[in-house]
Amino acid sequence: TLLQSINKHMRCEFTALIVPERNLVVVSKAEGREVDTSVLAKIHRHLLSLAQARSEASLLNATDSLPGVVLPFRVLSSPIRNPSGRPACVLALFRSREAPEYRRRDAMLADLLSRRAASMIDSSYETLSGLLTRRAFEQRARVHVLGVGRPAGAVSDLLRPVAFEDDEAAGRERRFGLTSAQLADA
């Protein structure tokens, strides 16, 4: 995914995409690293405020870069704008203190990555309803239905508790082409 590629290329401990309009926070940790991401819960409002106040990426290399917070990581925060141009989300990259400081070049790259993330978010949600587009919904449903990353039988466990009355079962069999026994075996 995009966040995993960012982690690898930018040598980050973890990367976060914060989208308050969609109640969405996506965190991607670097491969093979155990990182405490609780710092994100402490500073996400600061990062959103920075996104509202600044039009470009913010380099937070010092531990005291945010008021009242000691940063255990170097942070690069880039605003993501919605189609109307208003900052709606934040792409935040976290490096360890031992890693090199973020530079202006990194900020410019983060701004480009933010634009890419914005286009991915816009293409995944309907403008008027705020719901997932059909393509995005089908992709996510396919992951859930096929059980990728889920224990075996997760879908059948959802179907198993459904009990049909005899006359209802006949109607459901006609509509879905499945008998109650087939649903129970699924």
Side-chain angles (χ1 to χ4, degrees), residues 1-82 87-125 132 136-137 139-154:
T1 66
L2 178 65
L3 296 182
Q4 291 168 342
S5 297
I6 292 171
N7 280 338
K8 186 176 180 181
H9 181 75
M10 301 286 286
R11 298 180 310 274
C12 299
E13 296 294 317
F14 70 98
T15 305
L17 180 64
I18 306 165
V19 189
E21 291 179 347
R22 310 269 184 235
N23 292 325
L24 178 68
V25 176
V26 180
V27 176
S28 176
K29 295 180 183 180
E31 285 186 43
R33 298 208 180 123
E34 285 300 319
V35 180
D36 180 19
T37 58
S38 64
V39 68
L40 186 59
K42 296 176 188 171
I43 67 168
H44 77 278
R45 290 183 188 197
H46 291 285
L47 297 178
L48 290 168
S49 295
L50 277 174
Q52 302 264 328
R54 301 188 66 177
S55 61
E56 56 189 32
S58 301
L59 304 169
L60 307 173
N61 287 314
T63 57
D64 61 347
S65 296
L66 293 175
V69 178
V70 176
L71 292 174
F73 295 98
R74 299 184 192 285
V75 182
L76 174 57
S77 172
S78 181
I80 299 175
R81 302 193 177 285
N82 62 15
C89 334
V90 173
L91 176 65
L93 290 66
F94 296 82
R95 275 188 188 163
S96 71
R97 286 265 141 227
E98 294 77 33
E101 288 188 354
Y102 284 112
R103 300 177 311 190
R104 185 74 201 126
R105 177 186 172 279
D106 297 326
M108 292 169 49
L109 183 57
D111 284 337
L112 290 173
L113 292 168
S114 293
R115 289 188 202 125
R116 174 74 176 129
S119 68
M120 291 173 71
I121 292 168
D122 290 341
S123 68
S124 296
Y125 290 93
L132 287 170
F137 176 79
Q139 284 176 338
R140 291 186 188 182
R142 193 173 301 115
V143 167
H144 292 291
V145 170
L146 294 177
V148 177
R150 293 189 176 276

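Just the heavy atoms: all of them, side chains too, but no hydrogens, waters or symmetry mates, feed the values below. One is the number of the first residue; the rest follow in order along the sequence.
Shown here for P87 and P79, the closest heavy-atom pair between the two residues is CB-CB, 4.3 Å. Smallest separation of non-hydrogen atoms from I6 and C12: O-SG, 4.3 Å.
To the nearest 0.5 Å, atom CZ of residue F73 and atom OG1 of residue T37 are 8.5 Å apart. Here the OG atom belonging to S5 is positioned 10.0 Å from the CZ atom belonging to R116, to the nearest 0.5 angstrom. In this structure, the separation between NZ on K8 and OG on S28 is 12.5 Å, given to the nearest 0.5 Å.
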*asked:* For a side chain to side chain contact (heavy atoms under 4.5 Å, CB included) check, start with the C-alpha distance between L66 and I43, then their side-chain angles and the critical distance, and finish with the verdict.
replied: CA-CA 8 Å; L66 293 175; I43 67 168; 4.0 Å; yes
*Residues S55, R81; criterion side chain to side chain contact (heavy atoms under 4.5 Å, CB included); working and verdict*: CA-CA 9 Å; S55 61; R81 302 193 177 285; 3.4 Å; yes
*Would you please test R97 and T63 for side chain to side chain contact (heavy atoms under 4.5 Å, CB included) and show each step?*
CA-CA 9 Å; R97 286 265 141 227; T63 57; 3.5 Å; yes
*Starting from the C-alpha separation in whole Å, work towards a yes-or-no answer on side chain to side chain contact (heavy atoms under 4.5 Å, CB included) for L93 and D106.*
CA-CA 10 Å; L93 290 66; D106 297 326; over 6 Å; no
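Contacts of R105 classified as side-chain contact (heavy atoms from CB on, under 4.5 Å), with partners at least two apart in sequence or in another chain: R103. Residues forming a side-chain hydrogen bond (donor to acceptor under 3.5 Å, both in side chains) with S78 (at least two apart in sequence, or on another chain): D111, S114. D36 meets the side-chain hydrogen bond (donor to acceptor under 3.5 Å, both in side chains) test with S38; sequence neighbours excluded.
Inter-residue side-chain proximity for L47 and V75 is flagged as met; some heavy-atom pair is nearer than 4.5 Å. A heavy-atom distance below 4.5 Å is not found between the side chains of L76 and L60. In this structure the side chain of L48 reaches within 4.5 angstrom of the side chain of P20, judged on heavy atoms. Looking at V25 and L17, their side chains never come closer than 4.5 Å, going by heavy atoms from C-beta outward. The side-chain heavy atoms of L24 and I18, taken from C-beta on, include no pair separated by under 4.5 Å.
For the ring pair (Phe, Tyr, Trp, His ring centres under 6.0 Å) condition, no pair includes a residue of residues 22-66, sequence neighbours left out. Note on residues 57-75: pairs passing salt bridge (Lys or Arg N to Asp or Glu O under 4.0 Å), not counting sequence neighbours, are R74-E101. The stretch residues 38-52 participates, sequence neighbours left out, in no salt bridge (Lys or Arg N to Asp or Glu O under 4.0 Å) pair at all.
The aromatic rings of F94 and F14 sit parallel, their planes meeting at an angle under 30°, below the 60° perpendicular limit.
Side-chain N or O atoms of R104 include none that pairs as donor or acceptor with a backbone N or O of L59 at under 3.5 Å. A distance-only check finds a donor-acceptor pair linking the side chain of R95 to the backbone of P100 [under 3.5 Å]. Looking only at distances, no side-chain donor or acceptor of Y102 sits under 3.5 Å from a matching main-chain atom of S58.
Exactly one of E34, R33, K29 qualifies for a side-chain contact (heavy atoms from CB on, under 4.5 Å) with E13. That residue is R33.
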